[in-house]
Amino acid sequence: MTEKAPVKNEVSLEALKAGDKAELARMVELYSEPIYRLGLKMLGSEQDAEDVLQETFMKALRSIQQFEGRSSISTWLYRIAMNEIFLTLRKKKPMEESLDGYDSDSEEPEKPKEIIDWCCLPENELMNAEVRKTMSQAIEKLSPALRSVFILRDMNHLSVKETADALGISEAAVKTRLLRARLQLREDLSVYFSHKMP
Amino acid sequence: MTHPQRNCQELLASLSEYVDGDLSKELCAEIERHLEECHDCQVVVNTLRKTIDLYRQVELEDELPKSVMQKLYFRLNIEDYLSR
């Protein structure tokens with residue numbers, strides 16, 4: 001359906017390949033913010049996010065001639081950025097369990113435990129500095145495999161196909177991981193908000 | 001053919017696609033019939049939607065510092081195009 005929409009590059013690949021600096025600047029202008037935020041949310045450090053941002057565009061520039069345009073430019077950039085992010089994670093936590101997450105893709109989603117409807121809480125209780133902190137902590141608790149899918153899909157608004165392409169995984173794996181990530185975050189926020197219920 | 005009554009576990013498997021509006025009309029109607037009878041699933045659907053909504057609200061809050069942007073433009077030799 002919508003996932004099959006034709007690939008539409010917002011930046012001209014032809015101009016980029018021809019070394020058009022204005023087009024390169026346009027690409028940077030369009031994608032630097034989302035890539036920086038992706039790095040920041042995946043790695044939790046401004047310095048690491050900056051490094052990912054710089055490396056993503058440097059590598060993109062170096063490999064632009066080999067890029068055939070089979071995916072959109074944004075998906076290609078996200079893929080380079082995700083590779084950088086996973087490299088950084090491996091350097092930081094070499095002992096961590098596999099980052100790819102394939103081993104848990106066949107698991108059933110965990111049954112929801114917290115059944116409290118906190119949606120009716122007033123707006124100022126649903127969004128404030130304490131809630132933001134809880135949300136950050138909850139996202140950090142997700143495994144990198146789940147976190148990356150959630151951020152790309154729900155925060156960066158990539159389609160299932162684009163998320164799959166950016167991460168080099170199947171669309172089925174994107175769907176499974178997205179559900180598990182969302183359920184885990186819902187669980188953590190439910191625990192937090194249950195203490196705020198009258 | 002009549003569909004069997006959806007149970008909570010089945011709903012869980014389709015939950016993401018349901019909240020994203022990616023399911024067929026028939027499946028949606030089936031889920032909604034289940035939701036009318038199952039308070040727990042109703043709560044899970046509502047709070048899952050709200051969870052996603054809250055994360056979307058904060059997604060744009062982290063700004064790219066100007067100094068980081070400047071360094072990037074210089075490194076890529078496109079500093080002439082720095083517009084901010």
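Note: hydrogens, waters and symmetry copies are ignored here, and every other heavy atom, side chains too, is used. Residue numbering restarts at 1 for every chain, and letters A, B, ... go by the order of the sequence lines.
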Please report the C-alpha distance between A/L53 and B/L72 in whole Å, then the side-chain angles of each, then the deciding distance to 0.1 Å, and finally whether the side-chain contact (heavy atoms from CB on, under 4.5 Å) criterion is met. CA-CA 8 Å; A/L53 177 72; B/L72 178 64; 3.9 Å; yes
Please test B/M69 against A/S32 for side-chain contact (heavy atoms from CB on, under 4.5 Å), starting from the C-alpha separation and ending with a verdict. CA-CA 8 Å; B/M69 195 66 173; A/S32 50; 3.1 Å; yes
Does the side-chain contact (heavy atoms from CB on, under 4.5 Å) test come out yes or no for B/L76 and A/Q54, once each step is laid out? CA-CA 9 Å; B/L76 295 166; A/Q54 301 255 353; over 6 Å; no
Checking B/I52 against A/R186 for the side-chain contact (heavy atoms from CB on, under 4.5 Å) test, could you report, in this order, the C-alpha distance in whole Å, the side-chain angles of both residues, the deciding distance, and whether it holds? CA-CA 8 Å; B/I52 299 165; A/R186 188 210 73 89; over 6 Å; no
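When the candidates B/L60, B/D53, B/D62, B/V19 are compared by the number of heavy-atom contacts under 4.5 Å with chain A, B/D62 comes out ahead. Annotation: maximal heavy-atom pairing with chain B below 4.5 Å, among A/R26, A/H157, A/E187, occurs at A/H157.
A salt bridge links A/R132 and B/E61; the closest N-O separation between the charged side-chain nitrogens and carboxylate oxygens is under 4.0 Å. The pair A/E55-B/R75 counts as a salt bridge, with a side-chain nitrogen and a carboxylate oxygen less than 4.0 angstrom apart. With respect to the salt-bridge test (charged N to carboxylate O, under 4.0 angstrom), the residues A/R182 and B/D20 qualify. Using a cut-off of 4.0 Å between Lys/Arg side-chain N and Asp/Glu carboxylate O, B/E59 and A/K41 are scored as not salt-bridged.
A/M197 and A/V191 fall into different hydrophobic clusters, where Ile, Leu, Val, Met, Phe, Trp and Tyr residues are linked whenever their side-chain heavy atoms come under 4.5 Å apart, directly or through other members. Following chains of ILVMFWY side-chain contacts shorter than 4.5 Å, one can reach A/I116 starting from A/F193, so the two form part of one hydrophobic cluster.
Crowding of B/Q57 atom CD: a count of heavy atoms from other residues, nucleotides or ligands under 6.0 Å exceeding 12. More than 12 heavy atoms of other shown residues, nucleotides or ligands fall within 6.0 angstrom of atom CD in B/E32. Atom CD of A/Q137 sits in a crowded spot, with more than 12 heavy atoms from other residues, nucleotides or ligands closer than 6.0 Å. A 6.0 Å sphere centred on NZ of A/K92 holds no more than 12 heavy atoms belonging to other residues, nucleotides or ligands. Residue A/E46 places its CD atom among 12 or fewer non-hydrogen atoms of other residues, nucleotides or ligands, all under 6.0 Å distant.
Looking at B/L54, the atoms closer than 4.5 Å to chain A (heavy atoms on both sides) sit in the backbone and in the side chain alike. Contact of A/L61 with chain B is made through the side chain alone, with heavy-atom distances under 4.5 Å. Proximity to chain B is limited to the side chain of A/L40, based on heavy atoms less than 4.5 angstrom apart. Heavy-atom distances place the side chain of A/L189, and not its backbone, under 4.5 Å from chain B. No part of A/A49 comes within reach of chain B, as not one of its non-hydrogen atoms sits under 4.5 angstrom from that chain. Proximity to chain B involves both the backbone and the side chain of A/F57, based on heavy atoms less than 4.5 angstrom apart.
For the atom pair CG (B/L12) and CD (A/E110), the distance works out to 10.0 Å, reported to the nearest 0.5 Å. Rounded to the nearest 0.5 angstrom, A/R180 CZ and B/S16 OG are separated by 12.0 Å. Here the NZ-SG distance, from B/K50 to A/C120, works out to 10.5 Å after rounding to the nearest 0.5 Å. In this structure, A/I115 CD1 and B/D40 CG are separated by 4.5 Å, a value rounded to the nearest 0.5 Å. Interatomic distance, A/L183 CG to B/L15 CG, rounded to the nearest 0.5 Å: 6.0 Å.
Counting only distance, with no hydrogens or angles, the side chain of A/K21 and the backbone of B/N77 share a donor-acceptor pair below 3.5 Å. Judged by distance alone, with hydrogens and angles left aside, the side-chain atoms of B/Y55 form a donor-acceptor pair with the main-chain N or O of A/M135 at under 3.5 Å.
Side chain to side chain, B/Y73 and A/E29 meet the donor-acceptor criterion of an N or O pair below 3.5 Å.
Two residues are said to be in side-chain contact when any heavy atoms from C-beta on lie closer than 4.5 Å; B/V58 and A/M127 meet this criterion.
Closest approach of A/A25 to B/Y81, counting heavy atoms only: CB-CB, 3.4 Å.
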